[in-house]
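Notes follow the structure.
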Amino acid sequence: MLARELCLSASLPIDKLSNTLSSEEGMGVQEAILAFRKTIQEKDFHPVILYEGEKAFDFSALPVQQYKGNPAFSEEYIASPSALLLQYYGNKERDDRVRQKSTDLKKQCHTLLERCNKKLALQEKQLKDTEKKDKFRIYGELLTTYGYSLTGGEKELICENYYTGKEEKIPLDPTLSPMDNAKKYFEKYDKAKRTEQNLLEQVAESKKTLYHLQSIMNSIQLAESAGDLDAIRAEMGDFGYIKKVSGKKKKQRKEDQSKPRLFRSSDGYLLYVGKNNQQNEILSFQIAEGKDFWFHGKNIPGSHVIAKTEGKDLEELPDRLFEEAAELAAYFSSEGSSQKVEVDYTQKKNLKKVPGAAPGFVIYHQNYSILVSPKLKLEEIKDFPW
């Protein structure tokens, strides 16, 4: 990096070979090196950490010019080289720890999702098999009506189906009487009906579990700190997806504590974004008030976004607030990489908790919808009380 800085100072391309330098270019390099040496001799250090977006990628004891003009580039000046190294490698260690935790949780969640999908597919196949239950009932009814025409020992009854007006062939057990055959079909109908009811309940439960796991996977992918992942792990343990961590709870460092994201809209309104289901629950039912607006990707896992409206009515709020809040809800959803995402929004007073459901799951019957492109164009407020 420092070699590139010398080239930049000497106005030379970094890929130019030293044996191709002209005398003038050689003097330029020499002057750059002398200036560099003078800076060191005078101890004119300015320790700086270099960022691309939010990720620190390098550091320097001297100011760096080569990345200027890159909109993704930023820098943070530190008081001393020692403080710089502590912060840079401390953050790197934390990021590595978060990445490892994230990878482990993703694997566990992915396995659970695969199992749930297979289970749901089997249940839905079994449910489809119960669709023929009405045929058993009709066979029983037709046998009750036309059974008198049988003399015994027949393997089938051919008769008119008075529901459709068409000819029907009903398989028979030749060892049973017409009424016993009818009884057998009614029993098969009753069994299929009971099976259908049980499967409907199982399918509904599996779909609820699948959506919950999808929301957890979305939270894992959006997690930024060890605290975020610890909160997700705790939720997975609470619902029996993984083994609960036992023993004394370790006190979290302040920087590792999980907090929701906070943004300020272009018109000055606060926008809260939940990082996981527990935070979604708190934002929607504790932070949000009656006239505040709630945003969420339509029928997809994602963060709850709360727009604090300062008690104002809908007509008093700028349209841009709804667009920016919806863009955040789309960005922090499972469809965040899509071109367009439909987002539902409604006032907090219209939200209701789902009885017995996981935290953050809500129902509402009055809402608006908006189609937006997932965007993160607002600057996040990092330091705020929670």
Side-chain angles (χ1 to χ4, degrees), residues 53-54 71 74 215 218-219 221-225 227-228 231 257-353 359-386:
E54 294 188 359
S74 62
S215 74
N218 187 65
S219 297
Q221 290 169 340
L222 296 176
E224 295 179 317
S225 69
D228 295 340
Q257 290 175 358
S258 182
K259 297 178 182 178
R261 296 176 176 87
L262 180 64
F263 301 85
R264 193 178 297 278
S265 76
S266 299
D267 298 289
Y269 295 91
L270 291 177
L271 299 169
Y272 288 86
V273 181
K275 288 182 179 176
N276 53 57
N277 289 324
Q278 192 64 51
Q279 286 184 10
N280 287 339
E281 175 90 4
I282 293 171
L283 291 181
S284 297
F285 294 105
Q286 295 182 29
I287 300 299
E289 298 173 298
K291 288 187 177 181
D292 293 340
F293 273 87
W294 172 92
F295 295 77
H296 192 277
K298 188 177 184 69
N299 298 326
I300 55 174
S303 297
H304 292 201
V305 175
I306 300 297
K308 299 293 288 181
T309 61
E310 301 169 5
K312 294 179 181 178
D313 293 321
L314 174 62
E315 299 76 16
E316 302 175 85
L317 298 169
D319 291 342
R320 183 164 54 176
L321 170 63
F322 296 91
E323 292 171 6
E324 291 176 345
E327 286 168 355
L328 286 174
Y331 183 85
F332 291 110
S333 75
S334 60
E335 298 296 319
S337 59
S338 302
Q339 292 294 317
K340 293 287 184 180
V341 174
E342 188 174 2
V343 175
D344 281 351
Y345 64 100
T346 187
Q347 285 185 307
K348 186 269 177 185
K349 63 184 180 183
N350 297 324
L351 297 180
K352 289 182 173 56
K353 294 183 182 183
F361 284 66
V362 301
I363 52 175
Y364 49 94
H365 301 293
Q366 299 178 44
N367 68 279
Y368 306 92
S369 291
I370 182 173
L371 193 64
V372 296
S373 298
K375 290 179 185 175
L376 184 61
K377 60 186 182 184
L378 300 174
E379 187 173 347
E380 185 174 352
I381 302 171
K382 289 293 187 180
D383 298 317
F384 70 97
W386 170 246

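In what follows, residues are counted from 1 in the order of the sequence shown.
At distances below 3.5 Å, not a single donor-acceptor pair connects side-chain atoms of Asn367 with backbone N or O atoms of Tyr345.
Applying the salt bridge (Lys or Arg N to Asp or Glu O under 4.0 Å) criterion to Asp319, with sequence neighbours excluded, gives no partner residue. Taking Ser74 as the reference, Tyr51 meet the side chain to side chain contact (heavy atoms under 4.5 Å, CB included) condition, with sequence neighbours excluded. Every residue meeting the side chain to side chain contact (heavy atoms under 4.5 Å, CB included) condition with Ala326, not counting sequence neighbours, appears here in chain and number order: Phe295, Val343, Ile370, Val372. Checked against salt bridge (Lys or Arg N to Asp or Glu O under 4.0 Å), Glu281 has the following partners two or more places apart in sequence or in another chain: Lys353. Arg264 pairs by the salt bridge (Lys or Arg N to Asp or Glu O under 4.0 Å) definition with nothing, not counting sequence neighbours. By the side chain to side chain contact (heavy atoms under 4.5 Å, CB included) test, Leu371 is found to be paired with Lys340, Glu342, residues two or more places apart in sequence or in another chain being considered.
Rounded to the nearest 0.5 angstrom, Leu262 CG and Glu380 CD are separated by 8.0 Å. The distance from the CG atom of Asn277 to the OG atom of Ser303 is 9.0 Å, given to the nearest 0.5 Å. Between the CD atom of Glu327 and the CG atom of Leu376 there is a distance of 10.0 Å, given to the nearest 0.5 Å. Residue Leu270 holds its CG atom at 7.5 Å from CD of Glu310, rounded to the nearest 0.5 Å. The line from OH of Tyr368 to OG1 of Thr346 is 7.5 Å long, rounded to the nearest 0.5 Å. Note: Lys275 NZ to Glu224 CD = 4.5 Å, rounded to the nearest 0.5 Å.
Open room surrounds OH on Tyr331; 12 or fewer heavy atoms of other groups in view lie less than 6.0 Å from it. The neighbour count for Glu316 CD, taken as heavy atoms of other residues, nucleotides or ligands under 6.0 Å away, is above 12.
In terms of heavy-atom proximity, Ser333 sits nearest to Ile300 at OG-CD1, 3.6 Å. Smallest separation of non-hydrogen atoms from Tyr272 and Lys308: CE1-CG, 3.8 Å. What you find for Val362 and His304 is that their closest heavy atoms are CG1-CE1, 4.1 Å. Scanning all heavy atoms of the two residues, the minimum distance from Gly302 to His296 falls at O-NE2, 3.2 Å. Asp344 approaches Ser369 most closely through the heavy-atom pair OD1-OG, 2.6 Å. Here the closest heavy-atom approach between residue Ala231 and residue Asn276 is recorded as CB-ND2, 3.6 Å.
Phe322 has its side chain within reach of Leu317: a pair of non-hydrogen atoms, C-beta onward, lies under 4.5 Å apart.
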